[in-house]
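So the structure is just underneath, and the comments pick up after that.
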Amino acid sequence: MKAKVVCAIISLFFLVLPGFSAAAEEQKGYPLSNEKITETQKIFAHQSLEFGLMYWKLDYKEDLPAPLKSTENGWLPGFYLGWNYNKKNAVYSKILLEFSFGNVTYDGTDQTGTIPITFSDDNHQFFFRGEWNIGYNFAITKDISIKPYTGYGYRHWDRGKTGFETGTNILSIQERYYWHYIPVGIAAEFDIGKNVVIEPNVGARFMFYGKMAVEFSDLDPGYNTPDVKLGNRMGYYAEIPVRYKISQFWSVVIKPWYAYDAIGQSDTVDLTYYGTTVGALYEPASTTHQYGVNVGLSVSY
């Protein structure tokens, strides 16, 4: 299902892209026969579309007393889509969608802390992040501007799968995390010569309404799916996109980045089997370090 949705998004993107390019040509003075393109150009002036690949490292650790341990560690591929409105001395806006998926290594212990558990096969992860920014682009000089902004973000993480790990008697239960956040940051823009733009960006993410569902019902429909409320913590991030113009409209973008997320300990909820309480569980506090690089293309109008 996820793959079908992703394909549909990509297909739609490439269907509308030629129309946007035509609008850009009209803006730059290339005559077009369709007069409606001129009106379309007015709508899409100072905008850009960006798409590309991601490759990043996940370093997740739960805050547990020794000898208990629970970590996830590994490199994940992904891709992103973005839209940007960027005009000097005007309102600034940005929309970003990120999708990542793959297997990472789990390194932990059983509930007693006495038996080490490590596996990586079929330890599937899926990450999604959507973010919208709104701010203002203040031109400091002809070649330098700053963009303070805020907005709204949403994060989703499917961690592991429900079932016994391949070739072992280790039982894994899938966990689904999701939370909302308010980004507050400041970006800058430095035009270096005619072809290079450097755009450092730093900020904080204020988490709210975080929850996690533990999919015991996938193991046996008699179990409930416990849903805990996550503790809200602040995260932060930093990135340095570098854009190199390869034509009048197209640019190559390379973006190294780092992000830190933290989750506070959740409340405790009951695990039931056909309505009878058989246990209780909570999600411990955790920290996640993420760093990687995005490589993509941007088309501007």
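Keep in mind that the numbers below use all heavy atoms, side chains included, and drop hydrogens, waters and symmetry copies. Numbering of residues begins at 1 and proceeds along the displayed sequence.
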## Note on the structure
From the list E72, K61, E62, side chain to side chain contact (heavy atoms under 4.5 Å, CB included) partner of S286 resolves to E62
### Query
Does a donor on one side chain sit under 3.5 Å from an acceptor on the other, for T112 and D110?
yes
### Query
Has L297 got more than 12 heavy atoms of other residues, nucleotides or ligands less than 6.0 Å from its CG?
yes
#### Entry: Side chains of W56 and S100, donor plus acceptor under 3.5 Å
yes
### Query
Between W157 and Y60, is the ring centre distance below 6.0 Å?
yes
## Note on the structure
CG of L230 to CG of D267, rounded to nearest 0.5 Å, is 8.5 Å
#### Entry: Pair Y237 + W257: ring centers closer than 6.0 Å
no
### Message
Does any part of the side chain of L171, heavy atoms only, come nearer than 4.5 Å to the side chain of I173, both counted from C-beta?
### Response
yes
### Query
Does a salt bridge link R243 with E189, judged by any charged N lying under 4.0 Å from a carboxylate O?
no
### Task
Tell me, yes or no, whether the heavy-atom count around I240 atom CD1, taken from other residues, nucleotides or ligands under 6.0 Å, exceeds 12.
no
### Message
Looking only at side-chain N and O atoms, does D220 offer a donor or acceptor that is under 3.5 Å from a partner on Y273?
### Response
yes
### Message
Can you confirm whether K87 is buried at NZ, in the sense that more than 12 heavy atoms of other residues, nucleotides or ligands lie under 6.0 Å from that atom?
### Response
no
### Message
Do R129 and Y181 pair up side chain to side chain, a donor and an acceptor below 3.5 Å, judged on atom types alone?
### Response
yes
### Message
If we count only N and O atoms by modelled type, under 3.5 Å, do the side chains of W132 and S93 hold a donor and an acceptor together?
### Response
yes
### Message
I'd like to know if the side chain of H289 pairs up with that of Y258 as donor and acceptor (distance under 3.5 Å, no hydrogens or angles considered).
### Response
yes
#### Entry: Any donor-acceptor N or O pair under 3.5 Å, side chains S145, N137
yes
### Query
Salt bridge check: are K211 and E175 linked by an N-O gap of less than 4.0 Å?
no
### Task
Would you please indicate yes or no on a ring centroid separation below 6.0 angstrom for F206 and F208?
no
### Task
May I ask you to check whether R205 and Y236 show a side-chain donor-acceptor distance below 3.5 Å?
no
#### Entry: Modelled atom types, side-chain donor and acceptor of E215 and Y223, under 3.5 Å
no
### Query
Going by distance alone, is a donor N or O of one side chain under 3.5 Å from an acceptor N or O of the other, for Y260 and D59?
no
### Query
What's the shortest heavy-atom distance between K69 and Y106, and which atoms?
O-OH, 3.8 Å
### Task
Say whether N123 and Q125, considering side chains only, have a donor N or O and an acceptor N or O under 3.5 Å apart.
yes
### Task
Determine, stepwise, if the pair N84 / E50 fulfils side chain to side chain donor-acceptor pair (under 3.5 Å).
CA-CA 8 Å; N84 188 29; E50 187 175 325; over 6 Å; no
### Message
So that I can tick it off, tell me whether R176 and D158 are bridged by a salt bridge, with the cut-off set at under 4.0 angstrom between side-chain N and carboxylate O.
### Response
yes
### Query
Does NZ or CZ of R155 fall inside the cone over Y178's six-membered ring, less than 6.0 Å from its centre and within 45° of the axis?
no
### Message
Going by ring pair (Phe, Tyr, Trp, His ring centres under 6.0 Å), F99 matches just one of F79, F51, Y80. Which one?
### Response
F79
### Task
Output the distance between atom CD1 (I134) and atom NZ (K94), rounded to the nearest 0.5 Å.
13.0 Å
### Query
How are the rings of H180 and Y209 set to each other: parallel, tilted or perpendicular (split at 30° and 60°)?
tilted
### Message
Among T71, N73, T118, which residue satisfies the side-chain hydrogen bond (donor to acceptor under 3.5 Å, both in side chains) criterion with D107?
### Response
T118
### Message
For the residue pair T272 / T277, report whether a side-chain donor-acceptor contact shorter than 3.5 Å exists.
### Response
no
### Query
How many angstroms lie between NZ in K88 and CG in D143, if you round to the nearest 0.5 Å?
7.5 Å
#### Entry: Distance in Å, E98 CD paired with F127 CZ, rounded so as to fall on 0.5 Å steps
11.0 Å
